[in-house]
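Report on the following structure.
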Number of protein chains: 2
Amino acid sequence: MADRKEIREQIAGKGLKVTPQRMAILEAVYDLNNHPTADQIKEYIQENHPSIAVGTIYKTLDTLGEKGLIERVKTEKDVMRYDIVTKKHHHLYSNESDRIEDYFDDELNKMLEEYFRKHQIKNFKIDDFKIHLTGKFTDNN
Amino acid sequence: MADRKEIREQIAGKGLKVTPQRMAILEAVYDLNNHPTADQIKEYIQENHPSIAVGTIYKTLDTLGEKGLIERVKTEKDVMRYDIVTKKHHHLYSNESDRIEDYFDDELNKMLEEYFRKHQIKNFKIDDFKIHLTGKFTDNN
DNA sequence: GTACCTGCAAAAGATTTGCATCTTT
DNA sequence: AAAGATGCAAATCTTTTGCAGGTAC
């Protein structure tokens, strides 16, 4: 899923130059599958790559976001977090632990698409929707 | 809807001291009904109130948030925005204009409650949900 | 009078920017 | 070789904090 070759292709496929920094950063977002912050990405990367500048990380995350390879996520807390873009999903979020998990549910998606098709919203053309479920995780926290 | 008396009561009702700053800030969030930032609140207030410290505004917004009188809202952009807490609603959001509007739809709420009652999510106990609809406003922007 | 608030200014973070240098293509 | 990326450090911006003085109850 997150092998080098694929990552390289994803970057190149968007017309971006394939640099070691971009490889490392995109790979980190794949590996750290808990919606990491820029800082967590930085720490993760530094284990293998001597030093990638923080500024570069931000700039790269921005670039990857613009190209649609990753998604920016924000919670009530104050830092930006990143997520690989895969198929449509919603977010489960706990205020207590600040943990975020992806929630996939095609039946739900279909139901909502159907609903919004029937119920147009005045003055608004929907591109996409995402449900933000708040609550508690019952496994460990 | 946003008269002084009611605002005073809301603050007092939560066991908070009624200070001119709190009055002004809560009133501002009522008046600026487009999910203002702390900064916009500050500017709005300064028209009538000589000077309320920025620190106080943040602290007050925080306090009002904890007491459930207002809600913190976050978008892909990077600043916190605030909203009066009324009835349950969802958010319409345009990436282009960074505009946010509330969207009320009881039928939708009922449908989703029903859905989640039938489809429990593994390891997660739902407290609440909110739909974030992205798209374009077709009135002016 | 006391507990709670506010103002102020400094501090803390997170993110952005400018520019010279280096790498992809 | 040209276009585009990176590193570094300084700058910016938002939000938080500490504390002395003030205000609501």
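Model, not experiment: these values are computed from the prediction. Numbered from 1 within each chain, the chains take letters A, B, ... in sequence-line order. All values below come from the heavy atoms of this structure, side chains included, with hydrogens, waters and symmetry mates left out.
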Set of ring pair (Phe, Tyr, Trp, His ring centres under 6.0 Å) partners for A:Tyr82, sequence neighbours left out: none

Once you round it to whole Å, what is the distance between C1' of C:dT15 and CG of A:Asp39? 12 Å

Taking protein heavy atoms under 4.0 Å as touching, what does nucleotides 18-25 of chain C look like 5' to 3' if B marks base contact, S marks sugar-phosphate-only contact and - marks none? B-----BS

Which residue lies toward the 5' end of DNA chain D, A:Ile57 or B:Arg81, if each is placed at its nearest nucleotide? A:Ile57

Is there side-chain contact between A:Asp102 and A:His90, with at least one heavy-atom pair below 4.5 Å? no

Find the bend of the helix from C:dG1-D:dC25 to C:dT25-D:dA1 as the angle between its two terminal axes (five pairs each), to the nearest 10°. 40°

I'd like to know if A:Glu114 and A:Arg117 make a salt bridge, using a cut-off of under 4.0 Å between side-chain N and carboxylate O. yes

Atom-to-atom span, CZ of B:Arg22 to P of C:dC4 - whole angstrom: 11 Å

Please name all residues satisfying side chain to side chain donor-acceptor pair (under 3.5 Å) with A:Lys77, sequence neighbours left out, ordered by chain then number. none

Ring-face cation contact, A:Tyr93 with A:Arg99, 6.0 Å cut, 45° max: no

For A:Glu9, check salt bridge (Lys or Arg N to Asp or Glu O under 4.0 Å) against everything at least two apart and list the hits. A:Lys5

What pairs meet the ring pair (Phe, Tyr, Trp, His ring centres under 6.0 Å) rule with one or both residues in residues 43-73 of chain B, with sequence neighbours excluded? none

Euclidean distance, atom CG of residue A:Leu61 to atom C1' of C:dT16 [Å, nearest integer]: 13 Å

Gap between atoms CE and P, on B:Met80 and C:dG13 respectively (whole Å): 16 Å

On DNA chain D, reading 5' to 3', which nucleotide is the first and which the last to sit with an atom under 4.0 Å from a heavy atom of chain A, could you check? D:dA3 to D:dT15

In this structure, how many angstroms lie between the C1' atom of C:dT6 and the CD1 atom of B:Ile45, rounded? 13 Å

Mind checking A:Ser51 for me? I need base, sugar-phosphate or nothing, with any heavy atom below 4.0 Å counting as a touch. sugar-phosphate

For A:Asp39, salt bridge (Lys or Arg N to Asp or Glu O under 4.0 Å) partners two or more places apart: none

Set of side-chain contact (heavy atoms from CB on, under 4.5 Å) partners for A:Glu71, sequence neighbours left out: A:Val73, A:Asp83, A:Val85, A:His89, A:His91, A:Lys130

Backbone of A:Thr63 reached by a side-chain donor or acceptor of A:Glu66 within 3.5 Å: no

Between C:dT17 (C1') and A:Asp62 (CG): distance, integer Å: 12 Å

Which residues share a side-chain contact (heavy atoms from CB on, under 4.5 Å) with A:Lys14, sequence neighbours left out: A:Leu16, A:Lys67, A:Leu69

Contact list for DNA chain C against residues 64-78 of chain B - heavy-atom distance below 4.0 Å: B:Asp78

A:Lys88: which residues meet the salt bridge (Lys or Arg N to Asp or Glu O under 4.0 Å) condition with it, sequence neighbours left out? A:Asp128

Checking B:Arg81 side chain against B:Lys74 main chain: does a donor-acceptor pair fall under 3.5 Å? no

